[in-house]
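For reference, the structure is listed below as structure tokens.
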Amino acid sequence: MILGGGTGGTLIANRLRRLLSPGSAEIVVVDADDQHVYQPGLLFVPFGLTDPAGLTRPRHRQLRPGVVFRRAAVDRVDLERSEVWLADGTSLGYDVLVIATGARLIPEETEGLAGPGWMDKVFTFYSLDGAVALRSALARFDGGRLVVGVVDMPIKCPVAPLEFSFLADWYFRQRKIRDQVELTFVTPLDGAFTKPACNRELSGLLRDKGVNVVTEFNTGEVDGQAGRLISYDGREVGFDLAVMIPLHGGQAYVDRSPGLGDELGFVPADERTLQSKARPDVFVIGDAADIPASKAGSVAHFEGEILARNIGRYLAGEPLDAAFDGHTNCFIESGFGKALLIDFNYGTEPVTGRFPGRLGLPLLRQSRLNHAGKLAFGWLYWHVLLPGREIPAVRSKMPTAGKRGLPAPGATGSPAQTRKAR
Ligand SMILES: Cc1cc2nc3c(=O)[nH]c(=O)nc-3n(C[C@H](O)[C@H](O)[C@H](O)COP(=O)(O)OP(=O)(O)OC[C@H]3O[C@@H](n4cnc5c(N)ncnc54)[C@H](O)[C@@H]3O)c2cc1C
């Protein structure tokens, strides 16, 4: 039983369907709706670079024949009885449960964020509705202070707010009003990004593009009428238009399932086997997991290879393979038809060089090739990633060939993924 038919749920269902014969396992995917959104495409919607209608496809059609799709909201999981209760009052038993319900945006947890001014002067591109509404707001924006603000970590795709800032610079230059727009990036981190080499590169880019950076700003309140962000330590950043990344948490049903989640609603799991810490018959994939890996579709993809194998082993009574190394791979759109690429894992920071080998795409450096890679990723998502196929030369284990100056492994975890419960 797989809860959630988004990126992780779909690709693990399809991988398992190929791995396990129909006679040996029934595979059920439960999701609250039947509209699968390609979330990386949301970045381009506000700038009119993508048609939002092209970002969604029916969920059930992404599943291989032999996978059952059940459209229903999950109400709670009863770990003791190995049962899932649905909002329609029915329950389903399971032998193995995969939690793939992702992360939830919770703007209402920040004072004022979802209050007056929300979807008028304060927007987010992290949802389809938000991205579409922001497109109109940006088109109307003729100058003033535009703030891109991250409330707190962890968030999905931690580089997306930076990409938005780079594209905003490009967008206003195209419209020839860049000199009338003050762009500011506001972050709770002590730099543009957590990883040192990456932070240096991205901070330099922000500087080159004339984007102000306000660091260590923990947004406690958003005053959408007066147009200001107020931090917990009393600092203020004024705006005419704010693009906010709201707090993220796990899904509400996790809180209603005793023993399943942590205080933020994410599900603690072994970071290498992806087995939950709650029960041996429960596994986790994607953004729902409380592990020190980034919340990114690429991570769900790399996890899928290990998780399918481990579920097969669990069913066969064999020991699990502690093989997930935290591999993360992100294109970072930097505007003007260019992008950077970063590739890292639990123990290795992003470095320069090439990916996935000596003749591959340039790492940590802007290039047109990377931009082409970012655009191609949309096709790969629907046709390779979701069907659970392998991308040639790109496997779960992070490649080292082609990389320069790899530090000695040892450090684990990413500070970008941590947040104290409030
Ligand atoms: C703006 C933006 C840009 C991004 N860019 C990139 C990028 O460039 N590269 C990259 O790798 N990643 C990117 N990501 C992140 C990526 O989209 C996510 O990490 C990925 O989709 C996570 O997959 P998931 O399966 O964990 O969650 P999701 O794909 O979000 O799926 C969760 C599913 O669970 C379902 N669900 C939730 N609660 C319930 C319930 N109670 N009952 C039933 N069903 C439920 C939902 O309907 C949903 O279908 C981006 C994300 C955003 C928002």
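Given the structure is predicted, the values throughout are model-derived calculations rather than measurements. Counting starts at 1 for both ligands and their atoms, in listed order.
- Of the protein's non-hydrogen atoms, Asp31 OD2, 3.6 Å is the one closest to atom 33 (C) of ligand 1.
- Aromatic ring centres of Phe324 and Phe302 lie farther apart than the 6.0 Å criterion allows.
- Every atom of ligand 1 with a heavy atom of Tyr126 under 4.0 Å away is listed here by number and element: 1 (C), 53 (C).
- For the residue pair Gln62 and Thr10, no side-chain donor N or O sits within less than 3.5 Å of a side-chain acceptor on the partner.
- If you check which protein heavy atom lies closest to atom 18 (C) of ligand 1, you get Asp287 OD2, 3.3 Å.
- What sits closest to atom 31 (O) of ligand 1 on the protein, heavy atoms only, is Gly6 CA, 3.3 Å.
- A salt bridge is defined here as a Lys NZ or Arg NE, NH1 or NH2 lying under 4.0 Å from an Asp or Glu carboxylate O, and Asp34 with Arg59 fails to meet this definition.
- Remark: aromatic rings of Tyr126 and His248 are close, center separation under 6.0 Å.
- Within ligand 1, counting atoms from 1 as listed, the ones closer than 4.0 Å to a heavy atom of Ala73 are 42 (N), 43 (C).
- When non-hydrogen atoms are compared, ligand 1 lies under 4.0 Å from neither the backbone nor the side chain of Arg104.
- Considering backbone and side-chain N/O of Lys156, none are found under 3.5 Å from N/O of ligand 1.
- There is a side-chain donor-acceptor pair under 3.5 Å between Asp88 and Thr90.
- For the pair Arg17 and Glu26, the salt-bridge criterion is not met [side-chain N within less than 4.0 Å of a carboxylate O].
- Proximity of Ala103 to ligand 1, defined as any heavy-atom pair under 4.0 Å, is not found for any part of the residue.
- Proximity of Lys374 to ligand 1, defined as any heavy-atom pair under 4.0 Å, is confined to the side chain (atoms from C-beta onward).
- Salt bridge annotation for Asp33-Arg71: absent, with no cationic side-chain nitrogen under 4.0 angstrom from a carboxylate oxygen.
- Salt bridge present: Lys403 and Asp343 bring a charged side-chain N and a carboxylate O closer than 4.0 Å.
- Checked for salt-bridge contact, Glu163 and Lys374 meet the test: a charged N lies under 4.0 Å from a carboxylate O.
- If you check which protein heavy atom lies closest to atom 17 (O) of ligand 1, you get Gln39 CB, 3.3 Å.
- Ionic pairing of Arg279 and Glu80 is present here: one or more N-O contacts between side-chain nitrogen and carboxylate oxygen are shorter than 4.0 angstrom.
- Scanning Phe331, Phe125, Tyr38 for the heavy atom closest to atom 1 (C) of ligand 1 points to Phe125.
- For the pair Lys295 and Phe266, the cation sits on the ring face: its NZ or CZ lies under 6.0 Å from the ring centre, inside 45° of the axis.
- For ligand 1, the atoms lying closer than 4.0 Å to a non-hydrogen atom of Tyr253 are 41 (N).
- At a cut-off of 3.5 Å, with distance as the only test, a side-chain donor of Asn212 or Thr184 sits close to an acceptor on the other residue.
- Side-chain contact annotation: Tyr381 with Thr7, donor-acceptor N/O pair under 3.5 Å present.
- Put simply, no part of Ala300 is less than 4.0 Å from ligand 1, judged by heavy atoms.
- The ligand atoms of ligand 1 that sit less than 4.0 angstrom from a heavy atom of Arg59 are 47 (O), 48 (C), 49 (O).
- Looking only at heavy atoms of the protein, atom 23 (O) of ligand 1 is closest to Thr7 CB, 3.3 Å.
- Listed by number with element, the atoms of ligand 1 under 4.0 Å from a non-hydrogen atom of Ala32 are 43 (C), 44 (N).
- Every atom of ligand 1 is numbered from 1 in the order shown, and the set under 4.0 Å from a heavy atom of Val74 is 40 (C), 41 (N), 42 (N), 43 (C).
- At a heavy-atom distance under 4.0 Å, atoms from both the backbone and the side chain of Ala296 approach ligand 1.
- In terms of protein heavy atoms, atom 45 (C) of ligand 1 is closest to Thr101 CG2, 3.7 Å.
- Close approach to Ala72 involves these atoms of ligand 1, each under 4.0 Å from a residue heavy atom: 43 (C).
- In this structure, the protein non-hydrogen atom closest to atom 27 (O) of ligand 1 is Gly102 CA, 3.5 Å.
- Protein heavy atom in closest approach to atom 9 (N) of ligand 1: Pro40 CG, 4.2 Å.
- When heavy-atom distances to ligand 1 are checked against a 4.0 Å cut-off, Lys295 comes that close only through its backbone atoms N, CA, C and O.
- Counting the atoms of ligand 1 from 1 in the order shown, those under 4.0 Å from a heavy atom of Gly8 are 23 (O), 24 (P), 25 (O).
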Inset, instruction - Could you please spell out the steps behind the ring pair (Phe, Tyr, Trp, His ring centres under 6.0 Å) verdict for Phe164 and Phe185? - result: CA-CA 10 Å; Phe164 187 93; Phe185 178 71; over 10 Å; no
